[in-house]
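These values consider heavy atoms only, across backbone and side chains, with no hydrogens, waters or symmetry-generated copies. Every chain is numbered from 1, with letters handed out A, B, ... down the list of sequences.
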2 protein chains.
Amino acid sequence: MAGTHRRRRKPPVPYHHGDLRRALLVEAARTIRAEGIEAVTLRAVGARLGVSRTALYRHFADKSALLAAVAREGFQRFRQDLIEAWTDAGGGRAGFTAMGRAYVHFALANSSHYRVMFGDFRDLSTRDPELAADASAAFQVLVDALITLQSDSLIRPDETGQLARFIWATVHGIAMLAIDGQLGPDPSVAGALTQLAIERLHTGIALARNEASPQTAE
Amino acid sequence: MAGTHRRRRKPPVPYHHGDLRRALLVEAARTIRAEGIEAVTLRAVGARLGVSRTALYRHFADKSALLAAVAREGFQRFRQDLIEAWTDAGGGRAGFTAMGRAYVHFALANSSHYRVMFGDFRDLSTRDPELAADASAAFQVLVDALITLQSDSLIRPDETGQLARFIWATVHGIAMLAIDGQLGPDPSVAGALTQLAIERLHTGIALARNEASPQTAE
DNA sequence: GCGATGATGTTGACAATGTCAACACCTGCG
DNA sequence: CGCAGGTGTTGACATTGTCAACATCATCGC
């Protein structure tokens with residue numbers, strides 16, 4: 001054989017490790033999922049990769065930059081899940097319901113990850129502007145869905161951004177309460193609550209049957 | 001004079017400091033408000049009271065027990081604010097609106113404190129059962145209000161607990177998003193959002209004008 | 001080919017923090 | 001007065017994030 005002439009002419013493959021940045025990202029995400037956020041220490045993550053602490057500093061500014069990158073990756077997956085739910089249900093009211101369910105499902109299935117994404121967002125996003133962009137892109141999925149629903153005269157023509165924030169706040173609230181253990185020990189409560197919330201939410205923003213175009217109704 | 005015969009026959013007044021437990025509680029709450037939760041260190045709090053770190057261990061099991069006590073005090077004030085809002089508005093739909101506003105107002109005016117109350121609730125409440133009781137008492141204010149509204153046939157006769165959790169999740173979600181900086185830099189957004197949310201929320205849970213008793217309406 | 005060069009990773013050290021063990025003090029009771 | 005126990009202090013330790021100095025290695029200009 002040609003012996004140990006590993007990796008010739010491959011610019012995208014960095015020097016020593018291969019792709020330590022990616023590996024750090026994956027390992028951090030894995031640890032968050034498996035053992036929670038407090039288990040993510042530079043020493044532990046480094047050790048798991050056969051690399052010493054501070055190796056991270058060649059790829060991230062500091063620990064919070066790593067967490068911001070993890071959060072970014074989370075927002076990207078999150079966005080995909082939401083798009084998929086809306087699309088698979090064929091939009092409309094069914095799509096609205098599916099997206100709401102998908103939201104809470106993602107949050108509970110990735111609770112620690114979700115906490116990183118929404119925990120100290122202000123700190124992280126100021127240091128990593130791209131995080132804000134990814135978060136915004138995920139939010140935009142909801143806005144786009146509402147625009148479609150408004151175009152089809154299925155929901156009120158209120159300012160779409162505020163309407164989106166309202167719905168977002170509700171599912172986010174359910175997710176946070178469930179994650180933080182404030183909904184009690186029974187996990188089925190969260191599911192039933194999500195179902196009820198989506199129904200009542202829809203009623204709240206639906207166009208009343210008899211009013212054609214409720215301007216500033218109040 | 002009788003000289004320095006300080007504090008004779010006063011069992012509730014402890015030995016050296018006077019009431020270090022209370023002082024620790026107050027100082028921790030003050031620090032949280034003024035400098036945020038991460039500024040609450042045993043050394044800093046102790047120094048501010050002219051007492052050394054570890055003095056806390058004679059009054060609390062550990063740091064998280066102190067934070068749990070701070071959270072308890074927060075839930076008690078929170079409960080009072082909600083009761084006051086509901087009562088001052090005279091109940092009814094106006095009371096519902098006032099309570100929603102008071103909720104978000106408390107959360108934003110005491111954002112760091114609020115985060116302690118709702119942050120790692122699962123950990124804190126398992127170590128301090130009374131915290132769970134205080135949190136439950138605050139939640140009960142909302143439940144009681146909804147029961148009244150249901151009695152007056154102003155809102156749907158859905159299961160009150162779930163209805164309460166739904167509303168709770170929405171205002172909690174608004175509060176968390178605002179606190180975490182996810183609603184953008186403009187603070188007026190949160191206020192307008194709260195207003196819209198309360199209106200749409202009410203529409204969502206109101207009894208439809210023409211349906212007398214919508215059983216399991218769907 | 002080969003040496004400079006910059007990217008990548010390591011070791012040593014440091015300050016901050018929560019916590020425990022051992023000790024010191026102080027108050028009230030018998 | 002003396003003891004017992006509640007209250008506070010000091011010393012020490014492990015853990016953590018971070019920086020400075022050093023080591024290594026791949027690549028590029030000659």
Side-chain angles (χ1 to χ4, degrees), chain A residues 2-25 27-28 31-32 35-70 116 119-120 123-124 127-128, chain B residues 3-25 27-28 31-32 35-70 116 119-120 123-124 127:
Chain A
T4 61
H5 72 114
R6 62 226 170 179
R7 67 179 96 88
R8 291 199 327 176
R9 90 177 49 210
K10 275 284 186 173
V13 178
Y15 304 80
H16 306 81
H17 180 96
D19 191 352
L20 184 54
R21 182 188 161 89
R22 188 97 224 136
L24 286 167
L25 216 58
E27 179 56 29
T31 303
I32 285 173
E35 310 171 51
I37 178 63
E38 70 281 354
V40 179
T41 104
L42 301 193
R43 283 161 172 86
V45 172
R48 193 97 61 171
L49 294 176
V51 132
S52 221
R53 62 187 202 254
T54 77
L56 158 147
Y57 286 91
R58 304 297 155 185
H59 303 275
F60 299 95
D62 54 8
K63 184 184 181 180
S64 70
L66 170 63
L67 291 181
V70 170
V116 174
D120 41 357
D123 287 355
L124 292 186
R127 296 177 186 276
D128 187 347
Chain B
T4 60
H5 72 113
R6 63 229 167 177
R7 69 179 97 89
R8 294 198 325 173
R9 85 180 51 212
K10 275 282 186 174
V13 178
Y15 305 79
H16 305 80
H17 180 97
D19 192 351
L20 184 55
R21 183 189 161 88
R22 187 95 224 138
L24 286 167
L25 216 56
E27 179 57 29
T31 304
I32 286 174
E35 309 170 51
I37 177 63
E38 70 281 353
V40 179
T41 105
L42 301 194
R43 282 162 172 85
V45 172
R48 193 96 62 171
L49 294 176
V51 131
S52 221
R53 64 189 201 255
T54 76
L56 159 146
Y57 286 93
R58 304 296 156 187
H59 302 275
F60 298 95
D62 54 9
K63 184 183 182 179
S64 70
L66 170 63
L67 292 181
V70 171
V116 174
D120 41 356
D123 287 356
L124 293 187
R127 296 178 187 275

Self-check item: side chain to side chain donor-acceptor pair (under 3.5 Å) partners of B:D123, counting only residues at least two apart
Solution: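 Side chain to side chain donor-acceptor pair (under 3.5 Å) list for B:D123, sorted by chain: empty.
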Quiz item: Who pairs with A:S64 by side chain to side chain donor-acceptor pair (under 3.5 Å), at least two apart in sequence or on another chain?
Solution: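 If we apply the side chain to side chain donor-acceptor pair (under 3.5 Å) test to A:S64, skipping adjacent residues, the hits are A:D62.
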Rounded distance (Å) that lies between atom [atom2] of [N] and atom [atom1] of [X]:
X     : N      : atom1 : atom2 : result
A:R21 : C:dG9  : CZ    : P     : 13 Å
B:I37 : C:dG18 : CD1   : P     : 10 Å
B:L20 : D:dG6  : CG    : P     : 16 Å

Quiz item: Nearest nucleotide by nearest heavy atom, which residue falls closer to the 5' end of DNA chain D, A:T54 or A:E38?
Solution: A:E38
Quiz prompt | Residues touching DNA chain D, which here means a heavy atom under 4.0 Å, drawn from residues 57-67 of chain A | solution = A:Y57, A:R58, A:D62, A:K63
Quiz item: What distance separates A:I37 CD1 from A:L67 CG, expressed to the nearest 0.5 Å?
Solution: 5.0 Å
Quiz item: So, for B:A44 and B:A39, which heavy atoms are closest and what is the spacing to 0.1 Å?
Solution: CB-O, 4.1 Å
Exercise. Specify the closest pair of heavy atoms between A:T41 and A:K63, including all atoms of both residues, with the distance to one decimal.
Key: CA-NZ, 4.4 Å
Practice problem: For DNA chain C, determine which residues of residues 40-53 of chain A have any heavy atom closer than 4.0 angstrom to one of its atoms, and list them numerically. | Solution: A:R43, A:V51, A:S52, A:R53
Exercise. Dump the intermediate steps for side-chain contact (heavy atoms from CB on, under 4.5 Å) on A:F60 and A:L25, then the final yes or no.
Key: CA-CA 10 Å; A:F60 299 95; A:L25 216 58; 4.0 Å; yes
Quiz item: A:R43: what forms a salt bridge (charged side-chain N to carboxylate O under 4.0 Å, His left out) with it, not counting sequence neighbours?
Solution: none
Would you be so kind as to tabulate the donor-acceptor pairs closer than 3.5 Å made by side chains of residues 45-58 of chain A, with sequence neighbours excluded?
{"from": "A:R48", "atom 1": "NE", "to": "A:E27", "atom 2": "OE2", "distance (Å)": "3.2"}
{"from": "A:R48", "atom 1": "NH2", "to": "A:E35", "atom 2": "OE2", "distance (Å)": "2.9"}

